[in-house]
Amino acid sequence: MSETTQDGPVPNSASSANKSADARPELMLAADGTPLKKSLSRALRRQKLRALGLVAPLLLFVVITFVAPIADMLFRSVENQIVSDTLPRTTEALADWDATTGNLPPEAVYEALFYDMSLAAEAKLHTRLGSRLNYEQTGLSSLFRQSGRGLDDISDVYLDQFEDLNKDWDKAQPWAELMGDPEWLTEQAAWTKADGKLPRFVLSDGMDDLLPRTSVAYQNFARFTQVEDEKSPIKTKPWGTVQTALYQDLMAQDVSGYSGPHADMLKTADAAVADFDSVTFQEGFSEIDEDWADHEVWQTIKTYSPNYTNGYFLNAVDMQKTPEGPAMRDDNERIYGLLFKRTLFMSMVITLSCIALGYPVAWILANLPSRTANLLMILVLLPFWTSLLVRTSAWKVMLQQQGVINDTLVWLGLVSDGDRLVMINNQFGTIVAMTHILLPFMILPLYSVMQTIPPTYLRAAKSMGATNWTAFWRVYFPQSVPGIGAGSILVFILSIGYYITPEIVGGTTGTFISNRIAYHISSSLNWGLAAALGTILLAAVLLLYWAYDKIVGIDNVKLG
């Protein structure tokens, strides 16, 4: 069936569509004419952006001061790029050397070490590398420092003989004309300080094929001279490594076809080098220091050549990295396992001591009239207003053998004057001092939770025949457990990271792992090991937190 209009008949389907459109509810619009749903979404988005803008400074502060340092610590615990960055050719050459055979590396490795060390010595990086490897093998720091000073003994062998042939081999201008591109020479000659940076050195065409080693050595010299020393290669004599590389090139290359600048000087040298006195790089390094002929030195360099290492973590658990794999250190070198166990044990003892001392104090405060409780609360908060150093130093005075406590015990006749108690510079002194310092962190959560426990519960239990102990243990104590949990977490986590108090009163047996971390950061400068120890400490805290959540339930921890 179809309907008839002035324009003719209308199909049934079109008629139905018009009816559906007429039946659709009218679209709701906002005051500005936009759909209401779209307007609401836009307002909600603006509200979220405004809220994000308000918290953005705090979020940025947390990222910069908390997240970024932890991420940096995690990276430093595995980062080991100083070896490969400082000795790139040496580490590459060592890749094919089998450190388990007991043989020394081939001559190519010593040659690579000579050129790497020469550049590192100019940049003063060889001492940093020596310090890094000294963490793994004692004596490498002095070896690298001495080798940096003795490299000239190797290069002087060839420099003197080239100089005997022609004095120009030890001058800046001839070398620049031989190795530099003519356009660069023109630009360099016209350069003045008013032009700013020196024109970047450009090697002459074909020179890298004619004299490959010399080209690399001279480019390193030229670029270092321009960038680091801010001097012109035209006015600076090249390093001894350049003459050494020239000797090697002339012994291996044919330069008879060369016709560029100083061709006669180069060809004369080419004809003479066969009669030069020479020394192998291995002999040269062994004369500088005989330790370069020690297989263990090279074994250490190869072991720590990769950019990333697990060596710091192995050291942190009293192990070491060897070519055969991880291995335990000797018994007399194991220290960190003992420190970790001591830190966890003493932190646990301090936490239990704080519970034993803080629980009755919090109970008294919670059950006294508010006016009296507030007055006594000042005594609890008083330590917060006193310097931590002052409080720790006070315990140092009180606990020593000639201190107040020992004098009192002698005066009371409890100990003889010759048998005074040793209470400082040991674990006892650390536990006493830290319990006193951390006690408020246990009392405050306990007090906050106990304040919410109605006293009528105890009275109701007693009215039903319960004894004082039963009423406390069955009714009151379970309700105070969330406060114990909150205080225990605070005290325990603060304990394992404490540094000042164990350092002052702990002596050799009462220090924590945190003191060792501080030592590596400030004294030995072994930041990688310090980062690994800190990462393990962080993992231990997270593991204990997880265990606490599984056993007690983190939802039961309340601060008030």
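Just so it is clear, the structure is predicted and the values come from calculations on it, not from any experiment. Position 1 is the first residue of the sequence; numbering continues from there.
By the 30° and 60° cut-offs, the orientation of the rings of W469 relative to F472 is tilted. Ring pair H520/Y336 is tilted by interplanar angle, where 30° to 60° counts as tilted. Between W298 and W97, the ring planes are perpendicular. Angles over 60° get that label, and only those under 30° would be called parallel.
Applying the ring pair (Phe, Tyr, Trp, His ring centres under 6.0 Å) test to pairs two or more places apart or on separate chains, those with a residue in residues 379-429 are F384-F441, W395-H436.
Side-chain contact, R459 with S463: no donor N or O sits under 3.5 Å from an acceptor N or O. In this structure, a donor-acceptor pair under 3.5 Å is present between the side chains of T300 and Q137. A donor atom on one side chain and an acceptor atom on the other are not found under 3.5 Å apart for E503 and Y499. Using a 3.5 Å distance cut-off with no hydrogens or angles, the side chains of R132 and N80 do pair a donor with an acceptor. There is a side-chain donor-acceptor pair under 3.5 Å between T100 and D98. Looking at D116 and T90, their side chains do bring a donor and an acceptor atom within 3.5 Å of each other. Side-chain atoms of Y304 and E136 form a donor-acceptor pair, as typed in the model, at a separation below 3.5 Å.
In the displayed structure, M328 atom CE is contacted under 6.0 Å by more than 12 heavy atoms of other residues, nucleotides or ligands. The environment of Y457 atom OH is sparse: at most 12 non-hydrogen atoms of other residues, nucleotides or ligands sit within 6.0 angstrom. Counting non-hydrogen atoms of other residues, nucleotides and ligands closer than 6.0 Å to CD of Q401 gives a total above 12. By the neighbour-count criterion of 12 heavy atoms within 6.0 Å, atom CD1 of I500 is sparsely surrounded, having that number or fewer from other residues, nucleotides or ligands. Atom CZ of F75 has more than 12 neighbouring heavy atoms from other residues, nucleotides or ligands inside a 6.0 Å radius.
The main-chain N or O of A471 is never found under 3.5 Å from a side-chain atom of K462 such that the two would form a donor-acceptor pair. Formation of a donor-acceptor pair under 3.5 Å by the D289 side chain with backbone atoms of L143 is not found in this model. Without hydrogens or angle criteria, T343 side chain to I513 main chain gives a donor-acceptor distance under 3.5 Å. Remark: the backbone N or O of A466 is not paired with any side-chain donor or acceptor of T470 at under 3.5 angstrom. Under a 3.5 Å cut-off, the side chain of N315 and the backbone N or O of Q320 do not form any donor-acceptor pair. A donor-acceptor contact shorter than 3.5 Å links the side chain of S77 to the backbone of L74. When atom types are taken as modelled, the side chain of Q81 and the backbone of N307 share no donor-acceptor pair closer than 3.5 angstrom. Using a distance-only test at 3.5 Å, with no hydrogens or angles considered, a donor-acceptor pair links the side chain of R334 to the main chain of R329. At least one donor-acceptor pair closer than 3.5 Å links the side chain of N426 to the backbone N or O of V422. In terms of modelled atom types and a separation under 3.5 Å, the side chain of T452 and the main chain of V449 share a donor-acceptor contact.
Remark: D85 CG to T91 OG1 distance equals 9.0 Å, nearest 0.5 Å. Atoms OG1 and CZ, on T430 and R342 in that order, are 9.0 Å from each other to the nearest 0.5 Å. Between the CG atom of L458 and the CD1 atom of I453 there is a distance of 8.0 Å, given to the nearest 0.5 Å. Between the CD1 atom in I536 and the CD1 atom in I517 there is a gap of 9.0 Å [rounded to 0.5 Å]. One distance of note links CD1 of I405 with CE of M398; it measures 4.5 Å at 0.5 Å rounding. The CG atom of L389 sits 4.5 Å away from the OG atom of S393 when rounded to the nearest 0.5 Å.
Between C354 and L439, the shortest heavy-atom distance links the atoms O-CD1, 3.6 Å.
Within the 4.5 Å cutoff, the side chain of W363 has no heavy atoms near those of the L368 side chain.
For Y135 and W527, the ring centers are positioned 6.0 Å apart or more.
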Original post:
What's the verdict on side chain to side chain contact (heavy atoms under 4.5 Å, CB included) for T303 and T322, showing C-alpha distance, side-chain angles and the deciding distance?
Top reply: CA-CA 7 Å; T303 302; T322 67; over 6 Å; no

